[in-house]
Amino acid sequence: MKSRLAILAALVCATPLTAQTTIGGRAGMTLSQFATADEEVEPSAIAGIHFSITASRMRGPVGIALSAGYSERGTGFTAATLPEEVDFGFRLGYIEVGALGKASLGTGPYLLAGPNLGLLVSCTASVSAEGSSVSADCGADQEDPFKIFDVGVSGGAGMSFDVVDFHMVVEALYGFGFFNISDVPDDSAMNRGLMIRVGADWVL
C-alpha cells in the first residue's frame, strides 16, 4: 500500500499545472466613506464610478490579477455643531493600480486579495442645504486638503461565467486604506469602501 501511495504522489507532483493568461476590463460603482477620529462629524457613504483594465495569470487554481484604472472615493458628512442640517461631501478621483492574489474555488467562483496604490487626480467639495447644492474644486482657492497618494488593501470574491469565446465576471471588493490621506494638521481620514463591478476576460 505504501508503495502505491508513493507512486500516486509522484504522478500528482509530476503532472504539470496548466497556465492561463487573460486580459479584460471592468466597470462598476463604488460606495465609500472616510474613517475618521473626529467625533463632531458623522461620515456617510457616497456613490462613485470605477473602470479599469485587467490582466491575470493563473497556474492551476492560484494566480495573480493586475489592474489599472480610475476609481472615485470620498465621503459625505453632517457637522453636528451646525444649527440647521447642512450636508458636506468630498469626491476624490484616483488613478489606481492593484496586484491581487487570485484563488479559484472551482468552476466559476474565486477569491481576490492584495494591495493597491492610488494617485489622487481630482477632488471636488460640495455643500447642500435646503434643496440647493454648490460644488467646487477642493484646491481652487487654497492648498489641496488631501495627500496625493493612498495605499491600502482590497479583498473580496468574484464569479466567472463562460459566454461563447470570453468569460463574463462579476466581482465585489472591499477596500481598506492604511494611510491618513488628510493634509490638514490634527485631522485624520482614511478611505473605506465597497466596489461592485462587472466585466469580461479573454484568454490569450
Side-chain angles (χ1 to χ4, degrees), residues 23-56 64-80 86-102 112-129 133-156 158 171-199:
I23 59 171
R26 305 283 188 271
M29 64 169 290
T30 60
L31 190 64
S32 58
Q33 68 181 59
F34 292 163
T36 176
D38 190 346
E39 298 180 354
E40 294 184 355
V41 298
E42 183 179 341
S44 59
I46 65 169
I49 61 172
H50 164 83
F51 55 86
S52 62
I53 56 174
T54 62
S56 68
I64 187 170
L66 306 177
S67 65
Y70 174 83
S71 297
E72 288 183 341
R73 310 288 185 183
T75 198
F77 64 91
T78 300
V86 179
D87 297 321
F88 297 86
F90 288 105
R91 186 177 302 275
L92 311 181
Y94 286 94
I95 298 297
E96 292 187 334
V97 294
L100 307 182
K102 185 175 180 180
L112 295 167
N116 55 268
L117 172 67
L119 174 67
L120 184 65
V121 294
S122 67
C123 174
T124 302
S126 62
V127 181
S128 301
S133 178
V134 177
S135 61
D137 188 328
C138 295
D141 300 316
Q142 58 186 357
E143 294 184 3
D144 198 319
F146 297 100
K147 297 174 182 175
I148 193 170
F149 289 110
D150 186 28
V151 177
V153 295
S154 295
E171 297 174 342
L173 299 168
Y174 183 78
F176 188 98
F178 285 147
F179 291 171
N180 176 15
I181 61 170
S182 176
D183 212 16
V184 178
D186 301 323
D187 192 16
S188 67
M190 291 177 286
N191 278 317
R192 301 283 190 271
L194 178 68
M195 177 187 295
I196 299 175
R197 60 188 187 178
V198 298

Shortest non-hydrogen pair, S122 vs Y70, comes out as OG-OH, 3.8 Å

Ignoring hydrogens, what is the shortest heavy-atom contact between A65 and L112? Give both atom names and the distance. CB-CD2, 4.3 Å

Output, in order, the C-alpha distance, side-chain angles, deciding distance and verdict of side-chain contact (heavy atoms from CB on, under 4.5 Å) for F77 and T36. CA-CA 11 Å; F77 64 91; T36 176; over 6 Å; no

Donor-acceptor pair, T75 side chain versus F34 backbone, under 3.5 Å? yes

Ring centroids only, cut at 6.0 angstrom: are F90 and F146 within range, meaning strictly under it? yes

Got F149 and L120 here, is their nearest side-chain heavy-atom distance under 4.5 Å? no

Go through Y94 and I181 one step at a time and tell me if the side-chain contact (heavy atoms from CB on, under 4.5 Å) criterion holds. CA-CA 12 Å; Y94 286 94; I181 61 170; 3.8 Å; yes

By side chain to side chain donor-acceptor pair (under 3.5 Å) - contacts of D87 (at least two apart): T78

Output the distance between atom CG (L66) and atom CD1 (I23), rounded to the nearest 0.5 Å. 12.5 Å

To the closest 0.5 Å, what do you measure between OG (S56) and CD1 (I64)? 10.0 Å

For S154 versus G175, what's the shortest heavy-atom pair and its separation? OG-CA, 3.8 Å

If we ignore hydrogens and angles and just use 3.5 Å, is the side chain of E72 paired with the main-chain N or O of I49 as donor and acceptor? yes

How many angstroms lie between CG in D183 and CD1 in I148, if you round to the nearest 0.5 Å? 10.5 Å

With F178 via side-chain contact (heavy atoms from CB on, under 4.5 Å) - residues at least two apart: V153, F176

Nearest-0.5 Å distance, CE of residue M29 to CG of residue L194: 7.5 Å

Sorted by chain and number, sequence neighbours left out, side chain to side chain donor-acceptor pair (under 3.5 Å) with S128 holds for S133

Looking at every non-hydrogen atom in both residues, tell me the closest pair between G25 and T54 and how far apart they are. N-OG1, 3.9 Å

Kindly determine whether R197 and S52 satisfy side-chain contact (heavy atoms from CB on, under 4.5 Å), including the steps that lead there. CA-CA 10 Å; R197 60 188 187 178; S52 62; 3.6 Å; yes

Considering all heavy atoms, the nearest L92-C123 contact: CD2-SG, 3.4 Å

Closest heavy-atom pair, D187 versus S182, reported as atoms and distance to 0.1 Å, is OD2-OG, 3.3 Å

Apply side chain to side chain donor-acceptor pair (under 3.5 Å) to D150 and list each qualifying residue two or more places apart in sequence or on a separate chain. N191

Might you confirm whether atom CG of L117 has over 12 heavy atoms from other residues, nucleotides or ligands at distances under 6.0 Å? yes

Considering residues at least two apart in sequence or located in another chain, which fulfil the salt bridge (Lys or Arg N to Asp or Glu O under 4.0 Å) criterion with R192? none

Treating D137 as the side-chain partner and T124 as the backbone partner, does any N or O pair qualify as donor plus acceptor under 3.5 Å? no

Output all residues satisfying side chain to side chain donor-acceptor pair (under 3.5 Å) with E96, sequence neighbours left out; order by chain, then residue number. S71, R73

